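Some notes on the structure that comes next.
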Amino acid sequence: KTQAELINVYGPTESTCICSSHTITERDFENLEGLPPLGSLNPNYDYILDNLDDRTGIGELWLLGPLVGAGYFNDLEKSESHFIFYSDEKKFRKPAYKTGDLVREVGDKLCFVGRVDNQIKRMGYRIELEEIEHALLRIEYIIRSSVAYQIDEKGFGKIEAFALVNEPKGKQSINKGVLIKNLRKFLPDYMIPDHVHVVSEFFYTPNGKVDKKKLMETRS
């Protein structure tokens, strides 16, 4: 019997209020490849997907409408990079906010897949690092994951993945080779990390986000 109703709501501060919602049901747990949908936008919002990738259907979400903020206080440079007036023959001239969130349309709903600042280009493909993190979490016994991208002194980029493992007794040891082998079930070759590091703990910033810089310092 249902004891509570869970609703996933989405709304950047810059849009001043909640702009979409999705009521979570049992169907959302049938395929746990990523996060639950953001849902459909409220009627007082419109949106476009900028720089849409035809191969993946992923683009940056721009929110349009009268509830979009006017900018950042005393920060004209940052305001001009995130807030614009967008116009076309259907939407006319509306204030718009570039959220930096990468989303995909699935039916009439929007699904979050990553961040623009976590998107890299490799072998001609655009990759969202969060997609690799989600794939890691689909592997049994992985309870937390994080993925970083580092460019070395020669200009070559490497994908570095970190996994916190709850290794069961009496089972095969979970090591780097096993993790990469399992990742190939969920990811194409161009998204496979160069290195997967099994760590004993994760580090966090004061605001509760994974401290990737500290994780990188633990590489063996």
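Reckoned from all heavy atoms, side chains included, excluding hydrogens, waters and symmetry mates. Treat the numbers as computed from the prediction; the structure is a model and nothing was measured.
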(message) What's the separation between atom CD in E130 and atom CG in L137, rounded to the nearest 0.5 Å?
(response) 12.0 Å

(request) Using atom types as modelled and distance alone, determine if a side-chain donor or acceptor of N42 lies under 3.5 Å from a backbone N or O of N44. (result) no

(message) Under a plain distance cut-off of 3.5 Å, with no hydrogens placed, do E160 and H197 share a side-chain donor-acceptor pair?
(response) yes

(message) Nearest 0.5 Å, please: how far is CH2 in W62 from OG1 in T99?
(response) 10.0 Å

(request) Working to the nearest 0.5 Å, report the span between CG of D101 and CG of D117. (result) 9.0 Å

(request) For N118 and Y149, test the side chains for any donor-to-acceptor distance below 3.5 angstrom and give the result as yes or no. (result) no

(request) Could you go through the ring pair (Phe, Tyr, Trp, His ring centres under 6.0 Å) check for F83 and Y72 one step at a time? (result) CA-CA 9 Å; F83 293 88; Y72 298 106; 5.3 Å; yes

(message) I need the I143 CD1 to Y141 OH distance, nearest 0.5 Å.
(response) 13.0 Å

(request) May I ask you to say whether E133 pairs ionically with K212, meaning some side-chain N is under 4.0 Å from a carboxylate O? (result) yes

(request) Look up atom CG in L187 and atom CG in N182, then write down how far apart they are to the nearest 0.5 Å. (result) 11.0 Å

(request) Measure the CD1-OH distance between I159 and Y190 for me, rounded to the nearest 0.5 Å. (result) 10.5 Å

(message) Would the distance check show the side chain of S15 and the main-chain N or O of V68 forming a donor-acceptor pair, the cut-off being under 3.5 Å?
(response) no

